[in-house]
2 protein chains.
Amino acid sequence: MGRDIRIVIIEDDQIIREGYALLIGQSEGYQVVNSYVSFDEAAKSIADDGPDVVLLDIELPGTNGIQAIPKLKRLLPHAYILILTVYESEKTIFEALANGASGYLTKNTPAIKIVESIREVKEGGGPMSVNIARMVIKSFQRNQESPLSRRETQILEQIADGKSRSQIARDLFIDLETVRSHIKNIYLKLDVNSRADAIKTAKENKLI
Amino acid sequence: MGRDIRIVIIEDDQIIREGYALLIGQSEGYQVVNSYVSFDEAAKSIADDGPDVVLLDIELPGTNGIQAIPKLKRLLPHAYILILTVYESEKTIFEALANGASGYLTKNTPAIKIVESIREVKEGGGPMSVNIARMVIKSFQRNQESPLSRRETQILEQIADGKSRSQIARDLFIDLETVRSHIKNIYLKLDVNSRADAIKTAKENKLI
DNA sequence: ACATTATCACCCCAATGGGGGGATTTTAAT
DNA sequence: ATTAAAATCCCCCCATTGGGGTGATAATGT
């Protein structure tokens, strides 16, 4: 097999930081090359550490973990970033993933699973804690009890794609007035009176 | 602990179907209550089986797995659906999750992992194969080399939310003309000349 | 058979969107 | 310190759109 997986840990809590370092360092094929208490500390020399995987906490002094992700990406274009945190808010998770994190583990994750996830992420996987995976999957799912009919949902999707009434009419092979009528009914059902509000309400209720 | 987890398998390949049944039936706390070769077969009596978890294949004769998900949901509002398939196309995965699947495993998944995933899904988790998780996470990630500036990206997001120029101007505390100017530049950079095309191009390239 | 859904019609008018042509200042990177 | 990029703002034009009313009729499905 190849050389050790090089790991850097960024975590402000000393106990946790050293705990991880010890845990991972003991595992065959893993090498903790450095660890930092903050991103701001890490920024100076992490490029020289040349890690394959960065274990990153969210709550950090100074630059927080979310903000740190794109900066790390610039310093280490080929490294994978694995979030390891107690934060479980939907917003935080999606921000982390959108910013380029390759995995998201919560701190209750068993030690073996953490070590395993580091390998997984290096091999192109996307490790997630079970609760995180649930939230991620839920984010894909539509509301089953939508008040909108199929046609209305379809038209609302096109509206969310920025299409004008006439474009929608052309695309669906129906009359302009029909589109208008559908949109009116959508507004009625969602209790809104503009495209923007319709899209907002629809997204909030996962209708589209 | 509680009673056994009740499982129904829908899978057209006899070897695989019986293999799963045997594998899962042997595990402590798991009970395969029935298995079917297609959804159309299952539809008749699956409600009487009262499963907690349905293992569902995608490629099925008649109603395919994707189409079957919402129908299963109606027949079994409280059951979890776990996709177990060889299909790994992005479209299929997202359709399955959007339709209400609670997990997505590929058939190369080790036997132990399958059994574990059934429990996980019943406990509210969202099990995924590593390759699936990678695709799901990737779907959240933005294109790092966006040609758009921050402000432009922000404004394009608002456009995708259906907002008018004046609404955007109000929300960002800038002049209407500034918004106009930004939109012009967005159109230039994306080589489009309408909101709809801008949104389309942006989504295709994961700029928003 | 009855309610929902889908379709189409015509009234009005302010606001919008997109195509031009610019300029200036602030910010960031080198 | 220089310079490029980004962000801000200002005019012109005008066809199209979007939203508010107030309807009708045919198709669909439960």
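Using a 3.5 Å distance cut-off with no hydrogens or angles, the side chains of A:Y87 and A:N64 do not pair a donor with an acceptor. In this structure, a donor-acceptor pair under 3.5 Å is present between the side chains of B:T85 and B:E59. With no hydrogens or angles considered, a side-chain donor-acceptor pair links A:T106 and A:N108 at under 3.5 Å.
Rounded to a whole Å, the CG atom of A:L190 is 13 Å from the P atom of D:dG19. What separates CZ of B:R170 from P of C:dA15 is a distance of 11 Å, to the nearest Å. What separates OH of B:Y187 from C1' of C:dG20 is a distance of 15 Å, to the nearest Å. Taking atom CG on A:L176 and atom P on D:dT16, their separation rounds to 12 Å, with Å as the unit. Between the P atom of D:dA7 and the CG atom of B:L148 lies a distance of 10 Å, rounded to the nearest Å. Atom CG of B:N193 and atom C1' of C:dG17 are 11 Å apart (whole Å). Remark: P of D:dT28 and CZ of A:R150 are 13 Å apart, rounded to the nearest angstrom. Protein atom CD1 of A:I174 is 15 Å distant from nucleotide atom P of C:dT5, rounded to whole Å.
B:S181 comes within 4.0 angstrom of a nucleotide base, judged by non-hydrogen atoms across all strands. Across all strands shown, B:S164 has heavy atoms under 4.0 Å from sugar-phosphate atoms exclusively, and none from any base.
The base of D:dG18 is not paired with the side chain of A:K184 by any donor and acceptor separated by under 3.5 Å. Side-chain atoms of A:K163 stay outside donor-acceptor range of the base of D:dT17, with no qualifying N/O pair under 3.5 Å. Within 3.5 Å, no donor on the side chain of B:T178 pairs with an acceptor on the base of D:dC9, nor the reverse. A donor-acceptor contact under 3.5 angstrom links the side-chain atoms of A:R180 to the base of D:dG19.
Distances shorter than 4.0 Å separate none of the side-chain N or O atoms of B:H182 from OP1 or OP2 on D:dA6. Look at B:R165 and you'll find a side-chain N or O under 4.0 angstrom from OP1 or OP2 of C:dG17. Taking only side-chain nitrogens and oxygens, A:S166 comes nearer than 4.0 Å to OP1 or OP2 of D:dT17.
Of the candidates C:dA6, D:dC10, D:dA6, D:dA6 carries the atom nearest the B:S149 side chain, counting heavy atoms from C-beta on. For A:D175, the listed nucleotide lying nearest its side chain is C:dC8; candidates were C:dA6, C:dC8, C:dC10.
Of the residues near DNA chain D, B:K189 and A:R195, the one whose nearest nucleotide (by heavy atom distance) lies more toward the 5' end is B:K189. Of the two residues contacting DNA chain C, namely A:R74 and A:I155, the nearest-nucleotide position lying further toward the 5' end is that of A:I155.
The pair B:E41-B:R17 does not count as a salt bridge, with every side-chain nitrogen at least 4.0 angstrom from each carboxylate oxygen.
Note that CZ of B:R165 and NE2 of B:H182 are 13.5 Å apart. Values are rounded to the nearest 0.5 Å.
Classified by interplanar angle (parallel below 30°, tilted 30° to 60°, perpendicular above 60°), the ring pair B:F140/A:F140 is perpendicular.
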